[in-house]
Amino acid sequence: GGGSRHISSSFRRFGLARRTSLAIAMAGISGEPAPGPPTPAGVEARSSHGRGYGLFATAPHAAGALVFTDEPLFVMQHTGNRRVVAACANCCAFIGSLRGQMEAIFSESRFAPLLAEVGDMICGWEASLLVAGGASASTAAGVLCAHGCGEQYCSEACRDAHYRHSHNLLCAGPIDREDHPLIQFKYHALEHADTLLLAAQVCAHLVNRAKAAGGGVEVTRNLMRELLFFCHAPFRVACRPPPGRGKDGEFYAHTDGLVNRAAELLAAALQPHAPAEASALFEGGAAFFSEVLGMFEYNNIDVEVPSPLGSLFLARGSALDAAARGGTTDAPRAAAELQLVEKLLREKEWVMGCVWGEETTGIYAADGIADAVGDEDGMTDGDAAMAASVEAMGATGYDANFAQQAMSQARQAVDQMSFQQLLQAPWPALHGIALFATVARINHSCAPNAKIDFPSNSARLSAIALWPLAPGDEMTISYIRQDTDVKERKQQLLEYGFVCNCERCMSEDSGSIRKANKRLK
């Protein structure tokens with residue numbers, strides 16, 4: 001399930017978090033169908049006794065079986081993650097040639113000699129992959145936005161779908177001045193929070209849907225009401241303050257200021273294209289925009305798409321290692337190529353140690369709640385050293401000496417890794433955030449009967465049964481990590497607005513009470 005939290009770098013002063021919890025259930029009459037979009041086959045959304053609405057199986061599912069898949073309504077890659085992953089802006093698939101992915105990771109000029117040295121090897125691998133997969137070089141390279149903004153896509157179909165969805169109103173390609181409200185909005189969002197960009201997607205998409213349905217203020221209002229079937233609240237209510245601090249006047253002033261400025265700029269950017277629809281979206285000033293951000297707080301989940309490069313390098317490296325040891329006439333060539341692979345992998349691990357962390361995953365250690373969708377991407381000692389260094393620098397700003405020391409520590413950690421450890425080490429995954437209509441209706445349990453996964457090269461998720469499910473069984477996932485005691489879990493879940501009374505919590509609570517009573521005796 002979801003449950004991790006995110007804090008943008010400039011929000012740290014107030015500890016504002018972009019929660020990626022799943023929906024806090026809305027109130028409903030027992031047995032009543034849930035409002036909102038239809039659910040996939042095999043499940044239904046309806047009221048859950050004492051838990052608002054929930055998601056229920058309508059067919060039997062064995063343990064380990066796929067229950068349903070879900071496409072995101074809105075999704076985006078974290079801006080920091082673009083530093084190391086080239087991905088489709090529409091479906092979040094890894095895109096580009098193999099060399100293109102290498103250039104994303106090794107983008108600094110210091111790596112130009114490395115890319116030149118491994119260039120022939122990478123091109124040879126790529127040619128064999130294209131032949132095996134039946135793809136063309138142009139398909140592998142992906143496509144760019146036709147209007148010059150630089151957004152990348154895995155295909156023309158994804159490019160066109162993204163343009164129709166919202167990009168037609170958010171593309172900066174045709175804009176040639178820095179003071180344009182859309183450019184200023186994007187600067188504001190990059191400075192403060194990725195979710196502002198996602199909220200802009202929502203507004204642009206509603207404008208497009210309204211126009212397709214005839215346009216006008218009332219059509220737009222109806223679509224706004226439809227979207228807010230999901231659990232929502234104003235952002236100032238849904239976001240959380242930093243540990244040990246309440247929501248005081250300064251907190252509210254800072255939060256409201258960020259949201260109001262974003263709404264003001266976005267309204268100015270949309271108004272020339274859709275005056276009636278923009279007037280409906282922003283007739284309450286930033287009110288609707290704030291509710292959308294609050295909806296994200298309660299409903300968004302992390303998207304984590306594993307890199308396909310890991311399995312490729314593992315297979316190639318293992319084969320080269322075996323060939324180099326085989327004593328055949330091909331052994332010298334294999335040994336030479338193996339040296340290049342090891343050199344590239346060591347540099348990749350050093351880059352990961354230097355940049356992989358909060359800004360590239362959107363997952364911040366300060367939250368105290370780790371990602372419950374899956375384990376984090378195997379941080380090495382070098383990653384941990386750099387992450388600690390970056391966190392320590394956060395309060396004082398950039399310190400060149402401090403950064404150099406951290407990079408040296410990362411290099412030392414990488415130098416100690418064996419070749420097999422390098423082969424097994426993960427490549428940077430895509431990290432983003434998304435709103436999924438079906439998953440947003442699943443309630444929490446500390447002993448869940450389902451889990452969420454991203455098994456393919458896209459943001460399409462799969463819901464997998466952990467236990468056998470019978471028709472009528474309510475599906476549950478864990479919003480938080482499960483390897484903590486009941487006291488810590490309850491504390492974490494309070495920030496989602498409820499006290500968990502699942503069977504596991506009740507059992508562990510009873511055990512704690514019995515132990516306490518024994519101590520008193």
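Checking side-chain atoms of Gln201 against main-chain N and O of Val75 turns up a donor-acceptor pair under 3.5 Å. Side-chain N or O atoms of His232 include none that pairs as donor or acceptor with a backbone N or O of Gly294 at under 3.5 Å. With hydrogens and angles ignored, the 3.5 Å screen pairs no side-chain donor or acceptor of Asn260 with any backbone N or O of Ala286. Using a distance-only test at 3.5 Å, with no hydrogens or angles considered, a donor-acceptor pair links the side chain of Gln101 to the main chain of Ala86. The backbone N or O of Ile433 sits nowhere less than 3.5 Å from a side-chain atom of Asn300 that would complete a donor-acceptor pair. The main-chain N or O of Leu170 is found under 3.5 Å from a side-chain atom of Lys186 such that the two form a donor-acceptor pair. Judged purely by atom type and a 3.5 angstrom limit, Thr476 uses its side chain to pair as donor or acceptor with the backbone of Asn449. Of the possible donor and acceptor atoms, one in the side chain of Asn443 sits under 3.5 Å from a partner among the backbone N and O of Tyr53. Listed for the Arg504 side chain is no donor-acceptor partner under 3.5 Å among the backbone atoms of Ser445. Counting only distance, with no hydrogens or angles, the side chain of Arg460 and the backbone of Phe454 share no donor-acceptor pair below 3.5 Å.
Between the side chains of Thr79 and Asp194, at least one donor N or O sits under 3.5 Å from an acceptor N or O. Between the side chains of Asn81 and His431, no donor-acceptor pair of N or O atoms lies under 3.5 Å. Side chain to side chain, Asn168 and Asn208 meet the donor-acceptor criterion of an N or O pair below 3.5 Å.
Annotation: side chain of Arg236 is not in contact with side chain of Ser290 (no heavy-atom distance under 4.5 Å). Counting heavy atoms from C-beta on, the side chains of Val85 and Ser307 never come closer than 4.5 Å. Residues Phe288 and Thr220 are not in side-chain contact: their nearest non-hydrogen atoms beyond the backbone lie 4.5 Å or more apart. Between His61 and Pro468, every side-chain heavy-atom pair lies at or beyond the 4.5 Å cut-off. You'll find the side chain of Leu258 reaches within 4.5 Å of the side chain of His188, heavy atoms only. A 4.5 Å side-chain heavy-atom check between Thr69 and Pro40 finds every atom pair outside the cut-off. Between Pro234 and Glu291 there is a side-chain heavy-atom pair separated by less than 4.5 Å. Arg441 places none of its side-chain heavy atoms less than 4.5 Å from the side chain of Val43.
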Go through the steps for Arg46 and Glu474 under the test salt bridge (Lys or Arg N to Asp or Glu O under 4.0 Å), then give the verdict. CA-CA 10 Å; Arg46 56 180 170 83; Glu474 181 175 3; over 6 Å; no
Go through the steps to decide whether Leu293 and Leu196 satisfy the test side-chain contact (heavy atoms from CB on, under 4.5 Å), and finish with yes or no. CA-CA 7 Å; Leu293 290 169; Leu196 297 174; 3.8 Å; yes
Can you list the steps and then say if Arg225 with Glu218 is a salt bridge (Lys or Arg N to Asp or Glu O under 4.0 Å)? CA-CA 11 Å; Arg225 285 191 286 268; Glu218 197 53 42; 3.2 Å; yes
Apply the test side-chain contact (heavy atoms from CB on, under 4.5 Å) to residues Arg489 and Cys505: give CA-CA distance (whole Å), side-chain angles for both, the deciding distance (0.1 Å), then the verdict. CA-CA 9 Å; Arg489 295 199 310 273; Cys505 284; 3.4 Å; yes
Run the side-chain contact (heavy atoms from CB on, under 4.5 Å) check on Ser478 and His444 step by step: do they pass? CA-CA 5 Å; Ser478 179; His444 165 83; 3.7 Å; yes
Walk me through whether Lys247 and Thr255 qualify under side-chain contact (heavy atoms from CB on, under 4.5 Å). CA-CA 10 Å; Lys247 292 184 176 182; Thr255 305; over 6 Å; no
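Among Val305, Thr361, Val84, the one residue that satisfies the side-chain contact (heavy atoms from CB on, under 4.5 Å) test with Leu430 is Val305.
Of the inter-residue distances, the one linking Leu73 atom CG with Leu227 atom CG reads 8.0 Å to the nearest 0.5 angstrom. Distance CG/Leu461 to CZ/Phe436: 4.0 Å, rounded to 0.5 Å. Between Met76 atom CE and Ser166 atom OG the span is 11.0 Å, to the nearest 0.5 Å. Atom CG of residue Leu198 and atom CZ of residue Phe296 lie 4.0 Å apart, to the nearest 0.5 angstrom. In this structure, CZ in Phe56 is found 11.5 Å from CD1 in Ile442, a value given to the nearest 0.5 Å. Rounding to the nearest 0.5 Å gives a distance of 13.0 Å between CE of Met475 and OG of Ser48.
Between Arg261 and Glu191, none of the side-chain N atoms (NZ, or NE/NH1/NH2) sits under 4.0 Å from a carboxylate O, so this pair counts as no salt bridge.
Smallest separation of non-hydrogen atoms from Phe289 and Ala262: CE2-CB, 3.8 Å. When every heavy atom of Ala276 is checked against every heavy atom of Val217, the shortest pair comes out as O-CG2, 3.5 Å. Of all non-hydrogen atoms in Phe230 and Asn299, the two that sit nearest each other are CB-ND2, 4.0 Å. Here the closest non-hydrogen pair linking Glu297 and Cys239 is OE1-CA, 3.5 Å. Nearest heavy-atom pair across Phe74 and His165 is CD2-CE1, 3.6 Å. Leu270 and Leu281 get closest at one heavy-atom pair: CD1-CD1, 4.4 Å.
Residue-environment remark: CD (Glu283) exceeds the threshold of 12 foreign heavy atoms within 6.0 Å.
Residues His167 and His162 place their aromatic rings such that the two centres sit under 6.0 Å apart.
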